J.: 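Pasting a structure below so you can have a look.
Whatever order the structure lists ligands and atoms in, that order sets their numbers, starting from 1. For the single chain, residues carry numbers from 1 onward in sequence order. Computed from a predicted model, the values in this text were never measured in an experiment.
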Amino acid sequence: MVLATDDLEITCPSCKGTGEGDAAPCEKCSGKGVILTGQGNTLLHFIKKHLNE
Ligand SMILES: [Zn+2]
């Protein structure tokens, strides 16, 4: 496999993957617990762009 999940997203360094912020969902990852890498962002933008066609 060329792309592994770890290549696309990494555990959020701000909340350590819990998705919890101080009082609300973690702002850095929107409560997902993971954040996209550059490669993940590229892929996401590509998919979104073509989904609209
Ligand atoms: Zn987070």
J.: Give me the protein N, O or S atoms that fall under 2.8 Å of the Zn ion (ligand 1), sorted by chain and residue number.
T.: Cys12 SG, Cys15 SG, Cys26 SG, Cys29 SG
J.: Got a donor-acceptor contact below 3.5 angstrom from the Asn52 side chain to the Lys49 backbone?
T.: no
J.: Start with the C-alpha gap between Ile10 and Ile35, add the side-chain angles, then the distance that decides, and say whether side chain to side chain contact (heavy atoms under 4.5 Å, CB included) holds.
T.: CA-CA 6 Å; Ile10 55 170; Ile35 54 174; 3.6 Å; yes
J.: Please step through side chain to side chain contact (heavy atoms under 4.5 Å, CB included) for the pair Cys15 and Glu20, ending with a clear verdict.
T.: CA-CA 6 Å; Cys15 63; Glu20 305 282 329; 5.6 Å; no
J.: Mark yes or no for whether Ser30, through its side chain, and Lys32, through its backbone, hold a donor-acceptor pair below 3.5 Å.
T.: no
J.: Ring pair (Phe, Tyr, Trp, His ring centres under 6.0 Å): which pairs involve residues 25-48, sequence neighbours left out?
T.: Phe46-His50
J.: Quick one: does Thr11's side chain have a donor or acceptor within less than 3.5 Å of a partner on Val34's backbone?
T.: no
